[in-house]
**Q** 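One structure, as structure tokens, below. Some questions next.
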Protein chains: 2
Amino acid sequence: MKKALPDPMIEARRAHPPPAQTDPVVGALVDEIIGRVADKWTMLILEALEDHGTLRFTQLGRHVGDISQKMLTKTVRQMERDGLVARTVYPVVPPRVEYSLTELGRTLGAAFCGVWIWAETYHAQIEAARKAFAERGG
Amino acid sequence: MKKALPDPMIEARRAHPPPAQTDPVVGALVDEIIGRVADKWTMLILEALEDHGTLRFTQLGRHVGDISQKMLTKTVRQMERDGLVARTVYPVVPPRVEYSLTELGRTLGAAFCGVWIWAETYHAQIEAARKAFAERGG
DNA sequence: AGCCTATACTCTCCTTTGGTAAGTAGGCAC
DNA sequence: GTGCCTACTTACCAAAGGAGAGTATAGGCT
């Protein structure tokens, strides 16, 4: 499907990678995106939609877990705005709204996949580190 | 949305996990870890230490960008607690404190690597999606 | 002696963000 | 009529986070 639009700056950077360093312009842009995408609720909603496909508002909330309706609405709207989720409204009563990942959302889900695997793999080490930290006086 | 009354569909799914699916106990644990690790500052600090190796407090802050000292202190301490960064204090005046990634931190950095590549690859599409969203009346 | 500098915080105040609980719309079953 | 269903809003309050000033103190300069 939609191939990544060739970004000349990124391509140039990849062709001549400075000592493992990003160029400042792209770096700033990327940091901005990271700031929007790297939050708890975005990641959890992404996971829920990845695992269960299309979901209605309330179902989505249940799968995410301890999220307030306010944050669910807000986060999902932000994700829609960023082209990560598709929101389909059926004009019926009672209302019916379905959420699913777009192609772009699925690529992000794939990117985050490594983080989930990491969490699954190392959560025991984190617990251990935390205990050690507490014991030497945090 | 707090208590999540037992949803029969969810329960059924947990009883018979589809292939390549996490078990609910580990899943909850993982979600908790995601909640701690998936925040803007943690990711940006991780990136800074990955790119530049050992850094002192003020240098780290400069590399991260627009972070307040309060959040830098807090986030870095949390990361130390979780075993992601090592904090070395030299008892000299003026004070000197060095931060670097632990082995565990480096594995997390590697896991997040995919997200940075995603952001670099797709930021143009996000901008486009946002513009389209605004035009059809956000 | 007195003063200044450097660094890694910490503290106080204030703004922004997020949670909680109570609406709201409106067709349908009763 | 009453109540129910669902996907939101809204009002209010608590918590998180930013801005800027303050702290400690060895060494250098005057």
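Each chain gets a letter, A, B and so on, in the order its sequence line appears, and its residues count up from 1. Values reported hereafter were calculated over all heavy atoms of this structure, with side chains retained and with hydrogens, waters and symmetry mates removed.
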**Q** Is the phosphate of dT9(D), meaning OP1 or OP2, less than 4.0 Å from a side-chain N or O of Arg77(A)?
**A** yes
**Q** Would you mind telling me which residue lines up with the more 5' stretch of DNA chain C, Val93(B) or Thr73(B), judged by nearest nucleotide?
**A** Val93(B)
**Q** Can you work out whether Pro95(A) or Lys70(A) has the more 5'-proximal nearest nucleotide on DNA chain D?
**A** Pro95(A)
**Q** Between Thr58(B) and dA8(C), does any side-chain N or O lie under 4.0 Å from OP1 or OP2?
**A** yes
**Q** So, OP1 or OP2 of dT20(C): does either fall under 4.0 Å of a side-chain N or O from Ser68(A)?
**A** no
**Q** Hey, could you give me the OG1/CG distance between Thr102(B) and Leu84(B), rounded to the nearest 0.5 Å?
**A** 6.0 Å
**Q** Are OP1 or OP2 of dA26(D) and a side-chain N or O of Tyr90(B) less than 4.0 angstrom apart?
**A** no
**Q** Please report, rounded to the nearest Å, how far the C1' atom of dA8(C) is from the CD atom of Gln69(B).
**A** 8 Å
**Q** Does Trp41(B) make a side-chain N or O approach to OP1 or OP2 of dG18(D) shorter than 4.0 Å?
**A** yes
**Q** Heavy-atom distance under 4.5 Å between the side chains of Leu72(B) and Ile45(B), does that happen here?
**A** yes
**Q** For Gln78(A) and dG18(C), what is the distance between atoms CD and P respectively, to the nearest whole Å?
**A** 10 Å
**Q** Give the rounded distance in Å between these two atoms: CG of Asp66(A) and C1' of dG18(C).
**A** 13 Å
**Q** Output the rounded distance in Å from CG (Leu72(B)) to P (dA19(D)).
**A** 13 Å
**Q** Just to confirm, is there a sub-4.0 Å distance from OP1 or OP2 of dT6(D) to any side-chain nitrogen or oxygen of Arg56(A)?
**A** no
**Q** Before you tell me yes or no, could you show the steps for Glu98(A) and Tyr90(A) under side-chain hydrogen bond (donor to acceptor under 3.5 Å, both in side chains), namely the whole-Å CA-CA distance, both residues' side-chain angles and the distance that decides it to 0.1 Å?
**A** CA-CA 8 Å; Glu98(A) 291 184 345; Tyr90(A) 299 90; 3.2 Å; yes
**Q** Whole-Å distance between dT20(C) P and Ile67(A) CD1?
**A** 11 Å
**Q** Here's a test of your reading of the structure: between Pro94(A) and Lys74(B), which maps to the more 5' nucleotide of DNA chain D?
**A** Pro94(A)
**Q** Distance-only, no hydrogens or angles: does the His63(A) side chain make a donor-acceptor pair with backbone N or O of Leu60(A) under 3.5 Å?
**A** no
**Q** Is the distance from OP1 or OP2 of dT7(C) to the nearest side-chain N or O of Tyr99(B) less than 4.0 Å?
**A** no
**Q** Quick check on dA8(C): is either OP1 or OP2 less than 4.0 Å from any side-chain nitrogen or oxygen of Arg96(B)?
**A** no
**Q** Using a cut-off of strictly less than 4.0 Å, decide whether Arg87(A) has a side-chain nitrogen or oxygen near OP1 or OP2 of dC8(D).
**A** yes
**Q** Given Met43(A) and Val115(A), is the side chain to side chain contact (heavy atoms under 4.5 Å, CB included) satisfied, shown in steps?
**A** CA-CA 10 Å; Met43(A) 284 188 66; Val115(A) 182; 4.2 Å; yes
**Q** Starting from C1' on dG20(D), measure out to CE on Met71(B) and report it in whole angstrom.
**A** 17 Å
**Q** Take atom CD of Glu80(A) and atom P of dA7(D), then tell me their distance rounded to the nearest Å.
**A** 15 Å
**Q** In whole angstroms, how far is the P atom of dT6(D) from the CG atom of Leu55(A)?
**A** 15 Å
